[in-house]
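Just so it is clear, the structure is predicted and the values come from calculations on it, not from any experiment.
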Amino acid sequence: MEVTPKHTQAVSGWAAMEPSGEVVPFAFKRRENGVDDVTIKVHYCGMCHTDLHFINNDWGITMYPLVPGHEITGVVTRVGANVSGFRPGDRVGVGCIAASCLDCDHCRRSEENYCDKVALTYNGIFWDGSVTYGGYSSMLVAHKRFLVRIPDALPLDAAAPLLCAGITVYSPMKQHGMLLGEPGRRLGVVGLGGLGHVAVKFGKAFGLKVTVISTSPAKEREARESLKADDFVLSTDERQMQAMARSLDYVIDTVSAQHSLGPILELLKVNGKLVLVAAPDKPVELPSFPLIFGKRTVSGSMTGGMKETQEMMDLCGEHGITADIELVSTDGINDALARLARNDVRYRFVVDVAGTGSRL
């Protein structure tokens, strides 16, 4: 058990101890509930592809032991003396951020995700110098700034992935004017996975014509029938891609594998915008001609700030938007991680941390 000064609350969880691709039961301690803190009993935690990258140390920055999980939902059990916005029994969520400097220009604009001193919910360094541990655990202590309310209309399990997958696609959609409800605007979504299927739901909720772009022909039925996408394009079919040339206003690329952006850029109208929200292990190919001859823009975006996250969650409550999930017990985490590595999930695994089958 790790010992850290002022970390007195015993917690059970699941951690990767080495880059083996597996997690094991792990006992550790969390900090005391401070005056600005909220203690949460974790009910559910979504399983993000980022968890795999960190577990396997794909980016060379993992600090073991690693307790993954940044799509956390649960119920407040305790609040600090300076906390006025939450009380015991509230349904809440914690996403990707555990701390930031709170004082830079980004933090003042509630763009905490871009703060130079941001600390991630796991594998980060908190203000007290301790390593942060995520939501594959029985409880969590969060600073009040980095907590959001979960609307009563949303189930805690299917709402959990919105705290990463949801805000990751919502933020650039808002930034680039995709959520203004302008008639006839067209959105392309590359990849129909955990992020992509939520992007389709947002697009449809805000009146966009949505086209799913995928390498898998089996995804067409899911895209059209389950998610109500307006069009489907098989990206490996040159004729289909040519038929859709210069037809889209925006594209969100959610694919975490190495690929070329050239063919995707050709789908955009002049002045069209392509936003990357995934992190392939190797650089993507970016040919210049589709940029130059279409005056197109390529940008990136990561998660979102706290005000934007709450806004996104509230809109999901109004529109009934949740992730499509497969619930797994804590005993099934490693099997789910193996399936996630094979992209064998529709569309997001969520760990039932507090379920009757849980060891926590």
Answer with yes or no whether the hydrophobic clustering places L154 together with V148; edges join I, L, V, M, F, W, Y residues whose side-chain heavy atoms lie under 4.5 Å apart. yes
Residues, nucleotides or ligands: over 12 heavy atoms within 6.0 Å of R108 CZ: yes
With the side chain counted from C-beta on, respond yes when V118 and I97 share a heavy-atom pair under 4.5 Å apart, and no when they do not. yes
Rounded to the nearest 0.5 Å, the CG atom of L208 sits from the CZ atom of R185 at a distance of 9.0 Å
Steps toward side-chain contact (heavy atoms from CB on, under 4.5 Å) verdict (L265, L286): CA-CA 9 Å; L265 285 167; L286 179 59; 3.8 Å; yes
Take a 6.0 Å sphere around CG of D116 and say whether it holds more than 12 heavy atoms from other residues, nucleotides or ligands. no
So does K219 get a backbone contact from the side chain of S214, meaning a donor-acceptor N/O pair under 3.5 Å? no
Shortest non-hydrogen separation from L337 to G21 and the atoms involved: CD1-O, 4.1 Å
Once rounded to the nearest 0.5 Å, what's the spacing between atom CD of E225 and atom CD of E220? 9.5 Å
CA sep, side-chain torsions, deciding dist, call: N334, V23, side-chain contact (heavy atoms from CB on, under 4.5 Å): CA-CA 7 Å; N334 285 318; V23 298; 3.5 Å; yes
Strictly below 4.0 Å, N to O, side chains only: are K144 and D37 in salt-bridge contact? no
Any chance the rings of F28 and H7 have centres within less than 6.0 Å? no
Nearest heavy-atom pair of I213 and G188: which atoms, and what distance? CD1-CA, 4.2 Å
Report yes or no: does D314 contribute a side-chain atom to a donor-acceptor pair with the main-chain N or O of E311 at less than 3.5 Å? no
Do any N or O atoms from the side chain of T62 and from the backbone of I55 form a donor-acceptor pair under 3.5 angstrom? no
Would you confirm whether W127, through its side chain, and S100, through its main-chain N or O, come within 3.5 Å as a donor-acceptor pair? yes
Just by distance, do the side chain of T132 and the backbone of L120 share a donor-acceptor pair under 3.5 Å? yes
Can a donor-acceptor pair be found between the side chains of S110 and E112 at a distance below 3.5 Å? yes
Connected via hydrophobic side-chain network under 4.5 Å: V131 and F126: no
Quick check: is I167 connected to L276 through a chain of hydrophobic side chains (ILVMFWY, heavy atoms under 4.5 Å apart)? no
From the options V94, V79, D90, select the one residue that forms a side-chain contact (heavy atoms from CB on, under 4.5 Å) with V38. V79
Return yes if a side-chain donor-acceptor contact under 3.5 Å exists between N57 and Y64, otherwise no. no
Is there side-chain contact between W59 and N123, with heavy atoms separated by less than 4.5 Å? no
Find out whether K228 and V210 are in side-chain contact, i.e. whether some heavy atom of one side chain is under 4.5 Å from a heavy atom of the other. no
Looking at D324 and K201, is any side-chain nitrogen of the basic one under 4.0 Å from a carboxylate oxygen of the acidic one? yes
Side-chain ion pair, D249 and R186, N-O less than 4.0 Å: no
Any side-chain heavy atom of S226 within less than 4.5 Å of one from R346? no
Let me see the working for I264 and H259 under side-chain contact (heavy atoms from CB on, under 4.5 Å), right down to the final yes or no. CA-CA 10 Å; I264 300 168; H259 60 291; 3.9 Å; yes
With side chains defined as the heavy atoms from C-beta onward, is the minimum distance between E71 and V350 less than 4.5 Å? no
Give a yes or no on whether the backbone of L327 and the side-chain of Y44 come within a donor-acceptor separation of less than 3.5 Å. no
Please answer whether the main-chain N or O of T39 pairs with a side-chain N or O of R78 as donor and acceptor at a distance below 3.5 Å. no
Smallest heavy-atom separation, S301 atom then V275 atom, equals CB-CG1, 4.0 Å
Test your reading of the model: is there a side-chain donor-acceptor pair from H176 to the backbone of M178, 3.5 Å cut-off? no
Would you say that more than 12 heavy atoms from the other residues, nucleotides or ligands in this model lie under 6.0 Å from the NZ of K204, or not? yes
Pairing donors with acceptors under 3.5 angstrom, does anything connect the side chains of R109 and Y114? no
Non-hydrogen side-chain atoms of V270 and F293 separated by less than 4.5 Å: no
Of I72, V83, V92, the one forming a side-chain contact (heavy atoms from CB on, under 4.5 Å) with L147 is V92
Is the side chain of Q258 donor-acceptor paired with the backbone N or O of V284 at a distance under 3.5 Å, no angle test? no
Rounding to 0.5 Å, atoms OG (S247) and CG (L268) come to a distance of 8.5 Å
Calculate, to the nearest 0.5 Å, the distance between atoms CD and CG belonging to E18 and N56 respectively. 11.0 Å
Is there side-chain contact between V189 and F202, with at least one heavy-atom pair below 4.5 Å? no
Please test D152 against R91 for side-chain contact (heavy atoms from CB on, under 4.5 Å), starting from the C-alpha separation and ending with a verdict. CA-CA 8 Å; D152 290 340; R91 306 164 80 248; 3.8 Å; yes
Can you tell me how far CZ of R145 sits from NZ of K307, rounded to the nearest 0.5 angstrom? 7.5 Å
Measuring from L163:CG to C48:SG, what's the distance to the nearest 0.5 Å? 11.5 Å
Does any part of the side chain of L162, heavy atoms only, come nearer than 4.5 Å to the side chain of Y170, both counted from C-beta? no
Do L315 and L195 belong to the same hydrophobic cluster, where Ile, Leu, Val, Met, Phe, Trp and Tyr are linked whenever their side-chain heavy atoms lie under 4.5 Å apart, directly or via other members? yes
To check you understand the geometry: which heavy-atom pair defines the closest contact between T73 and A160, and what is its length? CG2-CA, 3.6 Å
Per the side-chain contact (heavy atoms from CB on, under 4.5 Å) rule, which among E238, E285, Q242, M241 passes with P263? M241
Look at the rings of Y347 and H197 and say which category their plane angle falls in: under 30° parallel, 30 to 60° tilted, over 60° perpendicular. parallel
Go through the side-chain N and O atoms of S137 and R30 and say whether any donor and acceptor fall under 3.5 Å apart. yes
Taking all atoms of both residues into account, what is the closest heavy-atom pair of P65 and F26, and its distance? CG-CZ, 3.5 Å
Can D331 and S329 be counted as having a side-chain donor-acceptor contact under 3.5 angstrom? no
Scanning both residues in full, the closest heavy-atom pair of V200 with A229 reads CG1-CB, 4.5 Å
Hydrophobic clusters here meaning ILVMFWY residues chained together by side-chain heavy-atom distances under 4.5 Å, can you tell me if Y133 and V141 are in one? yes
Donor-acceptor under 3.5 Å (E32 side chain, T8 main chain): no
